[in-house]
Structures are given as structure tokens and as C-alpha cells.
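Worth saying up front: this structure is predicted, and the values here are computed from it rather than measured. Residue numbers start from 1 in every chain, and the chains themselves are labelled A, B, ... in the order their sequence lines are given, proteins ahead of strands.
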Amino acid sequence: MINLDSFALKNISRGEPAWLSAERNEAFAIFERLPMPSSKEELWRYVNIDFDIGDYLLPVEPGCVEVSPLEGAATLDVVDGLAIGSGTRNPDFTLIPLALDRTEDRNDSTRYSSPGSGHDKFSAAHRAFGTDGASIRVPEGRVVREPLVVRVQSTLPGSISFPRVMIDIGPSAQASVVIRLSSPDLLETVVVPEIDVMLGPAANLDLTVNQVWGDTTTSLGRTRIEADRDANITFAEVGLGGALSRLYLAVDLLGVGSSAKIVGAYFGDEKQVLDYRYFMRHARENTTSEMFLKGAVDDEALSIFTGMIRIEEEAQRTNAFQTNRNLLLSDQASAQSVPNLEILANDVKCGHGSTVGPLDAEQRYYLMSRGLDRDRADQLQLKGFFEDALSRFPVSTELDSVRERVHAKYERTQSADRV
Amino acid sequence: MNAALQLDRFTVSLGDLEILKGVDLTVPFGELHVLMGPNGSGKSTLCHALMGKNGYTSSGSVLVGGTDLAGLGVDQRARAGLFQAFQYPVEIPGVPLDALITEMRSNDEDAFDERVEQMSGRLGMDNFLSRSVNVGLSGGEKKRSEMFQLAVSAPRMAVLDEIDSGLDVDAVREVAELVESLRKPDLGILIITHYSRILRYMRPDRVHVLVDGRIVRSGGSEVAEQLDSDGYEQWRRDNVGRPSALPDDLSGEF
Ligand SMILES: Nc1ncnc2c1ncn2[C@@H]1O[C@H](COP(=O)(O)OP(=O)(O)O)[C@@H](O)[C@H]1O
Ligand SMILES: [Mg+2]
């Protein structure tokens, strides 16, 4: 593993196309200039970053892990920022290592040019030092039924890695992608995963992110989605793991008639921090967005959801709704829920609902009146609370294991003999 | 022999507010009684206090099938054989009715399953079992779901709070006939209502009138007829000066 410095940059750039080296150099300059984020910045409010990025090292080869292909689904494994194997190519889609598909249409600076895109030291490091990940392309008109699976893992203690998933869905094409983020418990590591989605006209994508990082992993993720005319995206995230897991999501409904459905379910315990910064921008008319996130925090965990809906002047006849509900399962836990609306058009339907509170006493009473003891009543209510979100997930892949984890987490936090 | 429900000088307060001021009421097994009273008279309070809901303090005694409910939690009261059909059943998002039914299944599994099978057919519950409990149901559908849960839990004492409110005439008749059909020798039933119209379709053994936290009259169905012609005012006369009841749409559980 190597330091994040100009020497590393030179090594990485060797043999790469000029546009990519230029991109790296520019990002590196920003990386060097920017300080570590502070909770004084609006975008980092409530979050305390207490480490220095320079203390972590960049892997030059993946750690040793066993990866076995999934039954019936095209899979690519990205370990410590580097793809393993050569992926799948066929007429319907390609799912291949990003390093083998570094073409100029995947140039970050052309894609991330919009102002207020929330770039920071971590994303600059990603652009400077990220070398690999997964590239998914579905050509025009193709329909891929089975989910394409990318398994991102971090396995090296003391490492910082920059896995990237780039997804291009061609005009009128359709696919679903599942991205799983995992690492072992007790492995101290930082991951800066970025997911970049481009939807062509009338393209359809279901994208599910299953975040099950180990308990000492810090993840500072960004996801960007751009939708062309009449394109539809469903983005669903489950957030269960990580010491600190942050997701900055920016969705741009750039094309007339495009739509986004954003679903989320998260559960933090112990001292976990789950940090969601969601930005939904309606640039054109007849666009629709719906955000629906449900989360629970127990022990001393903290969750943050800030949801910004921005509707540009041109975006008439737009519908935008946002719901964020949070359960506080202990006195020490806290949840921040901050909805924001910025509406520049006048013919829009907009709404948001945000709640933070304990399990509902009336539901508990009703369930207990049917003979369930308090524990079972609360368990059922909690299950229902999450099911309300999970039932909106686009693909059922891994949902049962998510349910089990939620349940196990709840059982563990509620058990009296817990230290 | 023990009664299905026996209340002796049952008083209930919410904070400093005394709502029930000493209720004596006995419902023998096999009988169907009706408790009538204007809005705000304390009917729902009686249900919640019987069920042991948090926040209600009560004195006097409550026995269900001879079991003293004093000190028992809500779930223990349910398991002692008390069932309440709620006036305003709460919505439980994400919990399908069949998941709740599964949780309700106790020791007599085979008999329970048979009741579920039989009652879901009879009440046409098939479409509701996979839907979240009470979410998006109409008033009538909620009542039907409550009746279904009552029937499958096979309680010893069932208290049905305003099971007829918000229903059209046909639905009221349907509910009434269903209640009648549930009658059996080892079950006591108490129907709570503020209208007498449901009584057209059932044959109660006794009718009780609750006004301002007290039972002011008990008798046969002639009591309901008298109520129909004269209203509750006749029993209020000696209660002049007490706060009057809430208007219809403001009453209920808070
Ligand atoms: N949670 C509450 N807080 C304060 N007052 C209440 C509450 N619940 C009921 N009450 C009062 O108690 C009285 C009886 O209410 P309730 O039992 O709901 O009447 P009913 O069901 O007969 O219409 C009413 O005067 C009502 O205002
Ligand atoms: Mg009432």
C-alpha cells in the first residue's frame, strides 16, 4: 500500500490516456488544497470526522478474499478498490472492470461540472487516486431482466480505497443493478465509493445498494444520477453497517418527463453514524420525484437525513414528495431530519413529512390487546416500520437477509444482558 | 357460577379527571348486553380501563371469567380472555393482518387455524389478510377486521366499542347478525353504542345506560325504546351543572 501523494499519482497515471492524467492532476490539486471537512460546514453538520485522510494507505493490489459467483446473476467483485476477473460481455450488457473501460465519456470533470455538487477532500481524492471499479453498460433498447450484481468489499486494515461503479443505461434500455458494500467487523478502513448513473431517453433502472459495512469501516460515498427525457430511476438503499457511513446523493432530472423514486431503510446502533445528504433537482417540466426513507437509531447512534428538493424555474407541472420517518429506540440515540424545498417554478405539487419519535404507544397498545407481550408487540411494530420501506424496494434480492439483519440488530439492542 | 364480566364499584380517572364514578355491571356467560350512553359519557374510557391501557387509574374490581384483572398488563388481560374491538382501531403500517393473526395464535393451534379458515371465508377477509392492519380500510372494513380478530381469538368476554358507528344500515345489520351468530354459552358480549338502531337486529339480554360516568338504568330492550323516544336528557336532570358531553365528532379516544 502507498501514501496518497504526488508519487502515487505519477505511478497511477503511467500509461493512462492524457485526459485521465489531466483529470487526476486537477483533482489532486484540489485534494491538496482542501482541508478535512468540518461539522461547521452545512453539508457536514452533525458529523465529526476525527481522522486524517493522510493516515490511510492506498492498496495497489486487492487483499486475499474468496469470491464465488452468484447463482443466476452476472457478478463483478471489486475488492479494495480493484476489480477481480474480467466480468461479463454480451450483446445485452457489459459488466466489466472499470479499468478496462476508461473511455473519455467517463471523464469525471465533464460529468461533475454542475455547481453545488458538494465536492470535498474525499471526492477529490477519489478522482485523483481511484483506478478501478465496475462499468455497466446496457445498449439502446436492451432489457436485462436478472439483476447485475457488483460486490464491493474492503479487506485491508489501514487502507483507503476508491471503488467506482459507472452505469450507463442506453435509450429505452432497462436493467436492475444491485450493489453490495461490505467489509469484516473490526477491520479499520476507509472507503470512498462513488456510483455514477447516466440514464438515456426513456431508460429504466432499478438500483439497489445494500450497505453492510463492518463495524469499524468509515464510508464516505457519493452517488450521482442523471436522467434524460422520460427516464425512470428507482434508487433504494439499506444502511446497516459502518462506524460512519455517509451517502451524498444527487439526482438530476434533466429531461422532460423523467422521474425518480428514492427509497431508504437504515438502522444504527452502538455509536454508529448514518449520514444521508440527498439532493433532488428538477430541471425540466413534468418531472416527478418521491423520496421515502425510514430509519431507526438505538444505543448512542446518530442518523442524519437532509433532503433537498430543488425545482428550477423551467420545471413546471412537477411533483415532488419527500417522507422521512425516524424511530428513536433509546434516550441516547438521536436522529436529525431536515427537509428542504427550493421552488422556483409556480405550477408544482410538493410535499414533505418528517418525524422523529419513539415506537408508537397506540400501536403497542393495540397489539398487546391482541395478546402479544410488549416485546413481541414492539418487534412486530419495528418490523412493520421497516417493511413499509422495504416493500417499496425494486428487487427482492437480498431483502430476506436485510430483514434478518434488522431483526437481529433489534434483538441484540433490546437484550437486557447487553454490555 | 362466575360471570364473563363482573365490575364492582369500578371507578376510572385520567389524571385528575374522574370519568367513571363507580360502575357495577355483570355480564353472565352466554349473554349479550348493551351499554348505551351519549358521547363523552365514558364508554370508551370503560373499554380502555378494562383493557389496562396506560394512563388510566382505576379502583374497584374487575373480574373476567372469575379472574381478577387487577395488576395485569394489557396482554395478560387479553390472555385472560378479554377482547376489545376498538372504536378507532389504529393503523399499523407494514404489518399485514395475517402476520398479526400468526402472532395471536396461542396454544390451541389447530382450533385457532380452523377459526381463521372459517371466519376469513365467512367475513370475506381474503383480500385483507395481506394488507397492513387497518391501513387504508374504510370504516366498515375496519369493523369487519375487528370482528374477525374477535372471532379467531375466541375470548371469554368481548367488548365492542361503537361497532356500529360510521356504518350504513346494511352494514349495521351485517355486524349485528354476525355478533348474534357469535353468541355461545362460554362467551359474554358487551356491545357499546350511542344509537339504538343496531338493537333492531339483535336480541340483547340486557340494556344499560351510562350517563356522566354512572349506570343510571338497566333493564330489557324496553330501555332502548324509552331512550329512542325520550333521549338521554331524562337521566341528566339530576346532573345539572356537570360539564356537558362533547359533540359527536370530537368524542372518542384521545
Ligand atoms: N385522553 C383524554 N384526556 C382528557 N379527557 C379525556 C380523554 N379521554 C376521554 N376524555 C374525557 O372523558 C370523557 C369520556 O370520554 P369517552 O370515554 O371517550 O366517552 P365516550 O366513549 O362515551 O364517547 C369525555 O368527557 C372526554 O372528554
Ligand atoms: Mg367512545
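Looking only at side-chain heavy atoms (C-beta outward), Pro93(B) and Gln363(A) come within less than 4.5 Å of each other.
Proximity to chain A is absent for every atom of Val135(B), based on heavy atoms less than 4.5 angstrom apart. Contact annotation for Asn54(B): neither backbone nor side-chain heavy atoms come within less than 4.5 Å of a heavy atom of chain A.
For Lys383(A) and Glu103(B), the salt-bridge test fails: no basic side-chain N is under 4.0 Å from an acidic carboxylate O.
Taken from NZ in Lys53(B) to CE in Met368(A), the straight-line distance is 12.5 Å, to the nearest 0.5 Å. Rounding to the nearest 0.5 Å places OH of Tyr88(B) at 13.0 Å from CD of Glu362(A). For the atom pair NE2 (His48(B)) and OG (Ser369(A)), the distance works out to 10.0 Å, reported to the nearest 0.5 Å. In this structure, CG on Leu380(A) lies 7.0 Å from CD1 on Ile92(B), to the nearest 0.5 angstrom. To the nearest 0.5 Å, the span separating CG on Asp75(B) from CG on Leu372(A) amounts to 8.0 Å.
In this structure, a donor-acceptor pair under 3.5 Å is absent between the side chains of Glu91(B) and Tyr366(A).
More than 12 non-hydrogen atoms from other residues, nucleotides or ligands lie less than 6.0 angstrom from NZ of Lys184(B). Heavy-atom contacts from other residues, nucleotides or ligands closer than 6.0 Å to CD of Glu117(B) number 12 or fewer. With a 6.0 Å radius and a threshold of 12 heavy atoms from other residues, nucleotides or ligands, Asp126(B) has its CG atom above the threshold.
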Test side-chain hydrogen bond (donor to acceptor under 3.5 Å, both in side chains) on Gln84(B) and Tyr365(A); report intermediate values, then the result. CA-CA 11 Å; Gln84(B) 177 190 181; Tyr365(A) 169 51; 3.1 Å; yes
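Residues Gly371(A) and Arg79(B) come closest through the heavy atom pair O-NH1, 2.8 Å.
Within the 3.5 Å criterion, the main-chain N or O of Met104(B) finds no donor-acceptor partner in the side chain of Arg370(A).
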